[in-house]
Amino acid sequence: MIKISNTLTRKKETFVPLINGHVSMYVCGPTVYDFFHIGNARTFITFDMVRKYLEFSGYKVTYVMNITDVDDKIIERANKEGISTKEVAEKYTEEFFRDVEALKIKKATFYPKATEHIEEMLELVQALEQKGIAYNSDGDVFFDISKDKNYGKLSGKKLENLQASERSEQGDKKNNFDFALWKSAKEGEPFWESPWGNGRPGWHLECSVMSSKYLGETFDIHGGGIDLTFPHHENEIAQSECSTGKPFVKYWMHAEFLNINDEKMSKSLGNFFTAREVLKKYPAEAIRMLFLQKHYKSPINYEVVFIEEAKNSVEKITNAYRRGLERAGVLKGGEFAYRNRIEDFKIGMDDDFNTAIGISIVFNSAKEINLLLEKDFLSEEDLDELNGELRFLEAADSILGILLPKSETGDKFNALMSVVLKLRSSLRDKKDWESSDLLRKELENIGIRINDTSQGTKWDLK
RNA sequence: GGCAACGUACCCAAGCGGUAAGGGAGAGCUCUGCAAAAGCUUCAUGCAUCAGUUCGAAUCUGAUCGUUGCCUCCA
């Protein structure tokens, strides 16, 4: 039984999908005006893990992530670079997919784009207008929040306590917190025709429209970063529920931030690293380990020492796995050990996707493997246990994505290495420690690590 | 000002009323020509502070201190 912390109810609830065996899930995706930063990556990786765990648990998951390809920032960027908004959006959509793949994030079922759903958005705005909930003000259409008595139910905010914003959207609004459904086009901005004149959709509209199009008017899980709770998700609820009269989402999930120096990482503060930059220095597995080692609802502080540590952890686990595989041969059996580990793993993961516990079980398994590998002879039972542990690591990895890929070196390279190691062996036989140590050091410098073990000399790419 | 979250060892971090998981660092040992890797042992009578509830509290209640987030584009 999976439990989920639901932002809407502020409680941990047993997860029961609307349709038995099937999960409909929507997560707010990128606005494609730039590379995404490593903080955005945390949200994407969090929900990638959630999705994979649901699938592992036997659900068929329909996963939708939107691409916001029309927005102020895209316009700003296009003007700055002297190219069209379309070109900016296309470029960074492509870059988004490259980073997603590099981070070992499984592709969503659908990646709908805002600009491809303008028709449906217009329909939603018109429906709200007809109900007297939306009003036209000089080509801008606003949502009248005074008409929605449930407004604020997600974020727990009360209208009278909201602070008037200094940067609130321009236009004649009835209430300061009414938000734009449709914005009239300004000079030089992309626009679409509408009953209220040329303009473009407000930010919140696309998520209401595209989620219902691909998942239905009510769906199971809606995810995003915690900062989207208000106003974005609040407004999505307002739009959708006022137009359909049905509950919009059953479970709202929000991932906490990645901080720098205990402060929120954000584009506007300028204290961020792009995922692309970090991926140049560290493997995706280390990034995933760093994030997944902590529960998704706790803030993480990003520091170089922490990602270094995560990288070492990932190497340690991968080493145990690889060495175990070498010793075990073809994986088979091991039912008992596998079941035991999976059971512990599930206890953690079922409890609101507690990956911190999941990973501690992975460490326990790696330790057990290393312990078995200490033995010179493996009994039938030992081998069976080893198999079970390895199978568990593979299962856990299919959700967490923390095992390093095998470095592909090619037959010639492998043959060359065996010549080099043979040479070093003969030097060691002659007790020429100076030369053999020099060789080891030189190899280390070019990223090849040598270990002299009781089972012979092993090498590995760093 | 309103609304939230959080404070566990040297560091990171689980824990959600039954007596402190896991990882890293440190120390000692085993293996080893050395190094590395791996293993073993060790490392919080205590969980921000102070009261209270309870047979029993890191866990519940209240107060205090501290940190952060949201209320405005944001993952």
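Letters A, B, ... are given to chains in the order of the sequence lines, protein chains preceding strands, and every chain is numbered from 1. Computed over heavy atoms, backbone and side chain alike; hydrogens, waters and symmetry mates excluded.
- Using a 4.0 Å heavy-atom cutoff across all strands shown, A:K441 reaches no nucleic acid atom at all.
- Nucleotides B:rA75 and B:rC60 place their C1' atoms 34 Å apart, quoted to the nearest Å.
- Look at A:R288 and A:D48 and you find a salt bridge, because one of the NZ, NE, NH1 or NH2 atoms lies within 4.0 Å of a carboxylate O, short of that distance.
- Using a 4.0 Å heavy-atom distance criterion, A:I361 is classed as making no nucleic acid contact.
- Note on A:N451: a base of the nucleic acid sits closer than 4.0 angstrom, heavy atoms only.
- Few gaps surround OH on A:Y282; more than 12 heavy atoms of other groups in view lie less than 6.0 Å from it.
- The side chain of A:R428 approaches B:rG33 more closely than any other nucleotide in the set B:rC12, B:rA75, B:rG33.
- Between A:N354 and the phosphate of B:rG15, there is a side-chain N or O to OP1/OP2 separation shorter than 4.0 Å.
- A:G156 comes within contact range of the sugar-phosphate backbone alone, with a heavy-atom separation under 4.0 Å but no base atom that close.
- Using a 4.0 Å heavy-atom cutoff across all strands shown, A:K157 reaches at least one base atom of the nucleic acid.
- Across the protein-nucleic acid pair, A:H254 atom NE2 and B:rC71 atom P stand 13 Å apart, rounded to whole Å.
- Contact between the side-chain N/O atoms of A:K375 and the OP1/OP2 oxygens of B:rG39 is not found at any separation under 4.0 Å.
- Under 4.0 Å is where a charged nitrogen must lie from a carboxylate oxygen, and between A:D140 and A:K183 no such pair does.
- Remark: ring of A:F44 does not overlap the six-membered base ring of B:rA75 in a stacked fashion, as centroids less than 5.5 Å apart with planes less than 30° apart are not both met.
- In the set B:rC70, B:rA36, B:rA13, the nucleotide with an atom closest to the side chain of A:F230 is B:rC70.
- Closest contact between the side chain of A:I357 and the listed nucleotides B:rA14, B:rA36, B:rA75 involves B:rA14.
- Using a 4.0 Å heavy-atom criterion, one finds that A:E256 contacts the bases of the nucleic acid, with or without backbone contacts as well.
- Backbone-only engagement by A:N364 is indicated by non-hydrogen atom pairs under 4.0 Å involving sugar-phosphate atoms exclusively.
- The side chain of A:D437 lies closest to B:rC34 when the candidates are B:rC40, B:rC34, B:rC11.
- Pair check for B:rC55 finds B:rG18; Watson-Crick or G-U wobble, both atom distances under 3.5 Å.
- Side-chain contact check for A:E256 and A:S298: no donor-acceptor pair (N or O, by modelled atom type) lies under 3.5 Å.
- With rounding to whole Å, A:W433 atom CH2 is found 12 Å from B:rA35 atom P.
- One P atom belongs to B:rG17, the other to B:rA13, and the distance between them is 23 Å to the nearest Å.
- A side-chain donor from one of A:E13 and A:T9 sits under 3.5 Å from a side-chain acceptor of the other.
- Closest contact between the side chain of A:Q293 and the listed nucleotides B:rG69, B:rA75, B:rG23 involves B:rG23.
- Remark: A:K157 does not engage A:E234 in a salt bridge, criterion side-chain N to carboxylate O under 4.0 Å.
- Across the protein-nucleic acid pair, A:R449 atom CZ and B:rA36 atom P stand 12 Å apart, rounded to whole Å.
- Residue A:L258 is classed as a base contact, given a heavy-atom separation below 4.0 Å to a base.
- Computed from coordinates, the A:M349 CE to B:rG22 P distance equals 19 Å when rounded to whole Å.
- Atom CD1 of A:I359 is separated from atom P of B:rG24 by 13 Å (rounded to the nearest Å).
- Residue A:S313 is classed as a sugar-phosphate contact, given heavy-atom separations below 4.0 Å to backbone atoms only.
- For A:D71 and B:rC73, a side-chain-to-base donor-acceptor distance below 3.5 Å is absent, hydrogens and geometry of angles not being considered.
- Side chains of A:E394 and A:Y321: a donor-acceptor N/O pair is present below 3.5 angstrom, by distance only.
- When the C1' atom is used for both B:rC43 and B:rC10, the distance is 10 Å, rounded to whole Å.
- When heavy atoms are screened at a 4.0 angstrom cut-off, A:H37 is found touching base atoms of the nucleic acid.
- Nearest nucleotide to the side chain of A:D227, out of B:rG39, B:rC34, B:rC70: B:rC70.
- Within the structure, every side-chain polar atom (N or O) of A:K294 is placed at least 4.0 Å from both OP1 and OP2 of B:rG23.
- Taking atom CG on A:L372 and atom P on B:rC40, their separation rounds to 11 Å, with Å as the unit.
- Around the NZ atom of A:K52, the shell of radius 6.0 Å holds more than 12 heavy atoms that belong to other residues, nucleotides or ligands.
- Among the heavy atoms of the strands lying under 4.0 Å from A:K316 are primed sugar atoms or P, OP1, OP2 only; no base atom is included.
- Comparing atom distances between the A:K264 side chain and each of B:rC34, B:rU72, B:rC70 picks out B:rC70 as nearest.
- Base-pair partner of B:rU45: not found among the strands shown (Watson-Crick or G-U wobble, both distances under 3.5 Å).
- Backbone-only engagement by A:R323 is indicated by non-hydrogen atom pairs under 4.0 Å involving sugar-phosphate atoms exclusively.
- Residue A:L269 contributes atom CG, which lies 12 Å from atom P of B:rA75 at whole-angstrom precision.
- As a whole-Å value, the separation of A:Y151 OH from B:rC3 C1' is 14 Å.
- The nucleotide whose nearest atom lies closest to any side-chain atom of A:K12 is, among B:rA75, B:rA21, B:rC16, B:rC16.
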